Amino acid sequence: MIIAIDGPAGAGKSTVARRVAAELGIDYLDTGAMYRAVTFGVLAREIDPTATDAVIRVCRELDLAITVDRVLVDGIDATSAIRGPEVTSAVSAVAATPEVRKFLVELQRDWIRTRGAGVVEGRDITTVVLPDADLKLFVTASPRVRAERRVAESGGDVEEVEATIVERDRRDETREASPLSVASEAVVIDTSEMSIDDVVADVLSRVKG
Ligand code: DC
């Protein structure tokens with residue numbers, strides 16, 4: 001069983017993907033963590049994330065190790081740092097670089113080829129990476145709800161967080177390389193009014209049904 005999940009930031013995708021994978025006893029891959037890990041490597045080398053050629057070079061020379069709960073970049077544990085503000089504000093530029101995407105998409109396909117099953121989550125999994133997945137999902141929620149969830153988790157001002165989310169969505173949806181979009185045959189799940197338990201149950205019913 002191969003499950004591909006896309007959707008915007010903060011829609012609950014990662015939590016759902018992790019839980020569904022655990023329930024099914026298969027592995028889970030967070031592809032956003034891969035883009036973040038490359039960004040961490042770029043910033044660690046004090047390279048401008050918009051300097052395309054230098055970014056591509058870093059991407060090729062990085063030693064990336066991504067497990068279910070740890071991300072190592074060149075042997076350094078970057079698990080917390082990849083979620084920090086520096087990486088978060090630079091990652092869109094890195095993810096917009098087509099060569100970086102090509103490189104990571106190959107790693108993602110290798111990951112699933114090796115296992116033959118798994119839950120893979122990101123922005124272009126249903127459209128580009130695994131268009132033949134057994135189940136394709138687009139998990140979303142309104143910007144307001146996503147902002148409220150973020151604030152409940154890590155504080156901040158709802159209006160400000162919502163504005164950041166809207167801007168990040170816009171960048172992800174309008175970039176030239178693999179913009180975020182709903183794949184044909186993808187099931188759209190709007191989690192605005194659903195609990196995580198409801199979403200997980202919904203996904204599992206689609207797998208079993
Ligand atoms: O899901 P996330 O917030 O960790 O993703 C980090 C960034 O990487 C975000 O700008 C979207 C981008 N991304 C992407 O372009 N393609 C993916 N498959 C996963 C993430």
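Just follow the structure's listing: the first ligand is 1, and inside any ligand the first atom is 1. Heads up: numbering here begins at 1 and tracks the sequence. Treat the numbers as computed from the prediction; the structure is a model and nothing was measured.
- In summary, Arg123 and Asp169 do not engage in a salt bridge, as defined by a charged side-chain N under 4.0 Å from a carboxylate O.
- Asp74 and Arg45 are joined by a salt bridge, as a carboxylate oxygen and a charged side-chain nitrogen come within less than 4.0 angstrom of each other.
- Of the protein's non-hydrogen atoms, the one nearest atom 6 (C) of ligand 1 is Arg36 NE, 3.7 Å.
- When heavy-atom distances to ligand 1 are checked against a 4.0 Å cut-off, Asp172 comes that close only through its side chain, counted from C-beta outward.
- Note that CD1 of Ile3 and CG of Leu24 are 5.0 Å apart. Values are rounded to the nearest 0.5 Å.
- Using a 4.0 Å cut-off to heavy atoms of Asp124, the atoms of ligand 1 that qualify are 16 (N), 17 (C), 18 (N).
- No donor-acceptor contact under 3.5 angstrom links the side chains of Asp124 and Thr127, judged on distance only.
- Shortest contact from atom 8 (O) of ligand 1 to any protein heavy atom: Tyr35 CB, 3.7 Å.
- Residue contact check: Ser92 has heavy atoms under 4.0 Å from atoms 10 (O) of ligand 1.
- A salt bridge does not link Arg150 to Glu153: none of the charged nitrogens lies less than 4.0 Å from a carboxylate oxygen.
- Ion pairing between Asp197 and Arg19 holds under the 4.0 Å rule for side-chain N and carboxylate O.
- The Arg83 neighbourhood of ligand 1 comprises atoms 4 (O), with distances under 4.0 Å to a heavy atom of that residue.
- Heavy-atom contacts of Gly32 reach the following atoms of ligand 1: 4 (O), 5 (O), 19 (C), 20 (C) (cutoff under 4.0 Å).
- If you look at Met34 next to ligand 1, there are no close heavy atoms at all, none under 4.0 Å.
- A salt bridge does not link Glu99 to Lys102: none of the charged nitrogens lies less than 4.0 Å from a carboxylate oxygen.
- For Gln108, no heavy-atom contact with ligand 1 is shorter than 4.0 Å.
- Ligand 1 has an N or O atom lying under 3.5 Å from an N or O atom of Thr31, backbone or side chain.
- Interface atoms of ligand 1 facing Ala95, defined by a heavy-atom separation under 4.0 Å, are 12 (C), 15 (O).
- Salt-bridge formation is detected for the pair Arg206/Asp202: a Lys NZ or Arg NE/NH1/NH2 atom is positioned less than 4.0 Å from an Asp or Glu carboxylate oxygen.
- Look at Arg171 and you'll find every heavy atom at least 4.0 Å from all atoms of ligand 1.
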